[in-house]
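A quick note: this is a predicted structure, and the numbers were derived from the prediction, not measured. Lettering of chains follows the sequences in order, A, B, ..., and the numbering in each one begins at 1. Every heavy atom of this structure was used, including side-chain atoms; hydrogens, water molecules and symmetry mates were not.
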Amino acid sequence: MSSINVSLPDGSRLSFDPGVDLTTVALAIGPGLAKAALAAEVDGQLVDLSHRLEADAGVRFLTWRDDEGQKVYRHSTAHVLAQAVQRVFPQAKVTIGPSLADGRFYYDFDVEQPFTPDDLARIEDEMRRVIAEDQAFSRSEVSRDEARRVFDELGEPYKIELLDAIAEDDTVSLYGNANGDSHWVDLCRGPHLPSTGRIGVVKLLTASGAYWRGDSNNKMLQRIYGISFPDKKQLAEWLRLREEAEKRDHRRLGRELDLVWFSDVAPACPFFFPKGALIYNKLTDLVRSLYRRFGYDEVITPQIMSVDLWKTSGHYDNYRENMYFVEVDGQEFAVKPMNCPAHAIMFASRHHSYRDLPVRYADFGRLHRYEASGVTAGLTRVRSFAQDDAHIFCRTDQIEDEVFSFIDMLMECYELFGFTDVRIDLSTRPAKAVGDEAVWADAEARLHQALQRRGVEYKVAEGEGAFYGPKIDFMVSDALARRHQLGTCQLDFNLPERFDLTYVNSADERERPVMVHRAVLGSIERFMGVLIEHCAGAFPAWLAPVQVKVVPIGERHVDYARRLTADLKSRGYRAEIDDTGERTSAKIGRAEAERVPYMLICGDREVDAEAVSVRERGMRDRGSMPYVDFVEELSAKAAFPPL
RNA sequence: GCCAACGUAGCUCAGCUGGUAGAGCAGCGCACUCGUAAUGCGCAGGUCGUCGGUUCGAAUCCGACCGUUGGCUCCA
């Protein structure tokens, strides 16, 4: 009998008898690995440790250190959850239960009554029992008929529906976990842990409704979210990180830092207090300063326009349920949800030569969109907002340069906020699309060109473009590694058509321009929310609502502190004095809580020497320095615009 | 929109099985004049989200509405 070769990631090779299972292979490599292994990857395919090798193969064992290992771990925990639920609620029908990219897992059930917090506690206890029973996960590949019979007998209609959706040439696999007379089976691709006993600690987090297959026309199922770890300490750490994230929640910080307020009189519509408004305006001013350099012209357009306009643009037919309407003098008007139609008619109101293009209209107009009550959230999903919106009207041959320079501007802007990890997606022609295929292909090629010339990495999202044109989306990762979509750049072949936009070319013929919708920050409100959480409320000095807090130690230092405050203000900085009769440490504590970037402590030493004792936010005392030196430092770090 | 939970002072929360509300922080006042994350004492502050019902009596029980939060295809 000839042996087979197993090659490992480090390049080494081992030989075994054919039919050897992976647990044995792991043991041969070392008992440590055998203990840590959760599953394995054989020639790129994820498999159970019980998998047997019949031929030469490349094997990589997955442990907790691998993302795939954790995925298997959590997915197996989801199976334990489902088994526990069916023990406690025998009528519950099982559906699907994947592990999520953020480390959690869930399982959806069809049950008569939604789960209560009490139910979750009972289910969690039952899960611990299943884990204690150390049931082995065993895989069996069966025919579709066989599988259908199993789930028919078990009375699991959702599994049969899933079974029917599995591709013909795909193998159907069942996973049973059994221990003595306790047996539980699920339709699953796998792989799984060797046994339930490998799961350390579990915690169920929340229960909520979730539509079957995410479609609101389908029945609402009950979803349970959970998390699991090999070790208690890891769970504690996970919960701690989650609390940290809660502390920097922009809704909380927005309130604590006096930036934003919400009222029932306008649900999902932020009210910005002075400090919030200051940041808001600094953000738009920043974009304005970029516009000056990149050749954009700002326009101002009406808040409310006739429905005729929205009928022409197509929004009335396709976007009506998100719009607000008002009737005046028997005529119907709509509050604008977008700026583009206004810009289109402005463009159309003048004759344009090919020499005039591109025309770039920027607009910070306030937009109103009705969002379903269940989806609004803080500043990230609101009904009243503005965007750093602009529309470029250009010739086809100008697309590449326009997009290139837009990416330039965007990257420069993101870097300023410390958003250095930018993911870029190019979305191409979807199934239902306007404009002919050649035009799309040409436009997509120009987008590729622009991206490649700019030298950025990007992914292609096939068929994910808008119906009116291909687009490029920009996602950033924040300080907690969460992704947010901010910028976008979308070509539009639809509106120029609908508004019959033209320019005159060099041969004196009328031609259709391309319209480009683009935004760097996207919604200013949303961007503020993302930024607040990214910097945990500690805004860069050029953006901080209060840049300098002047802190006199005693009453006899107040005059001096006032003089400095006035001087800083006259130089254009946002400075405040804290002349409350508090103790110095209390004043510092408050200034730190407000996230003020610079604190200037003034006592006898400083008054005598025309100096200040500088404390930077989040750092210790830097000691005294001449006031003029501090002003110089400030001019370098807090100047606006910061570019 | 749908499922669930929640809504008590500006903020964070307490208030057991119904007997008309309490704390800390913030605010205001007084004292302390103080050297790098929060001095002490006092005062004031609430239609208990709104409306309706049950009850001798409702913050508490029931219903409706409003709002907020967590979810609503990262596939078997």
Scan side-chain atoms only and decide if A/H557 and A/D604 contain a donor-acceptor pair under the 3.5 Å cut-off.
yes
Can you tell which of B/A37, B/C75, B/G70 lies closest to the side chain of A/E592?
B/A37
Are A/H192 and A/S76 close enough that a side-chain donor and a side-chain acceptor fall under 3.5 Å?
yes
Against the side chain of A/R223, the closest entry in B/C74, B/A38, B/C72 is B/C72
Would you kindly give the CG-to-C1' distance between A/D264 and B/C51, to the nearest whole Å?
15 Å
Once you apply the 3.5 Å cut-off to both distances, tell me the Watson-Crick or G-U wobble partner of B/A38, or none.
none
Under 6.0 Å between the ring centres of A/F115 and A/F89?
yes
Contacts of A/D67 meeting side chain to side chain contact (heavy atoms under 4.5 Å, CB included) (sequence neighbours excluded), chain-then-number -> none
Report the distance from atom OH of A/Y106 to atom C1' of B/A4, rounded to the nearest whole Å.
18 Å
Would A/S173 and A/E141 count as having a side-chain donor-acceptor pair, cut-off 3.5 Å?
no
Could you tell me which nucleotide pairs with B/U69 by Watson-Crick or G-U wobble geometry, both distances under 3.5 Å, or answer none if nothing does?
B/A4
A/E246 CD to B/U12 P: how many Å, rounded?
13 Å
Pairs: protein N or O with nucleotides 25-35 of chain B N or O, under 3.5 Å:
unit_1	atom_1	unit_2	atom_2	d
B/A26	OP1	A/R590	NH1	3.2
B/C32	O2	A/R583	NH1	3.1
B/C32	O2	A/R583	NH2	2.8
B/U33	O2	A/E555	N	3.2
B/U33	N3	A/E555	OE1	3.2
B/U33	O4	A/E555	OE1	3.2
B/C34	OP2	A/R556	NH1	3.4
B/C34	O2'	A/T584	OG1	3.4
B/C34	O2	A/R583	NH2	3.3
B/C34	N3	A/R583	NH1	3.4
B/C34	N4	A/G581	O	2.7
B/G35	O6	A/D604	N	3.0
B/G35	O6	A/R605	N	3.2
B/G35	N1	A/R605	NH2	3.4
B/G35	N1	A/E606	OE1	2.8
B/G35	N2	A/E606	OE1	3.4
B/G35	N2	A/E606	OE2	2.9

Verify the distance criterion only: is there a donor paired with an acceptor across the side chains of A/E161 and A/W212 at less than 3.5 Å?
yes
Counting only distance, no hydrogens or angles, is the base of B/A37 paired donor-acceptor with the side chain of A/R615 under 3.5 Å?
yes
Picking from B/C3, B/A76, B/C72, the nucleotide nearest the side-chain atoms of A/D186 would be B/A76
Which nucleotide, if any, forms a Watson-Crick or G-U wobble pair with B/U47, using both distances under 3.5 Å?
none
Value in whole Å for how far the C1' atom of B/G67 lies from CZ of A/R381:
18 Å
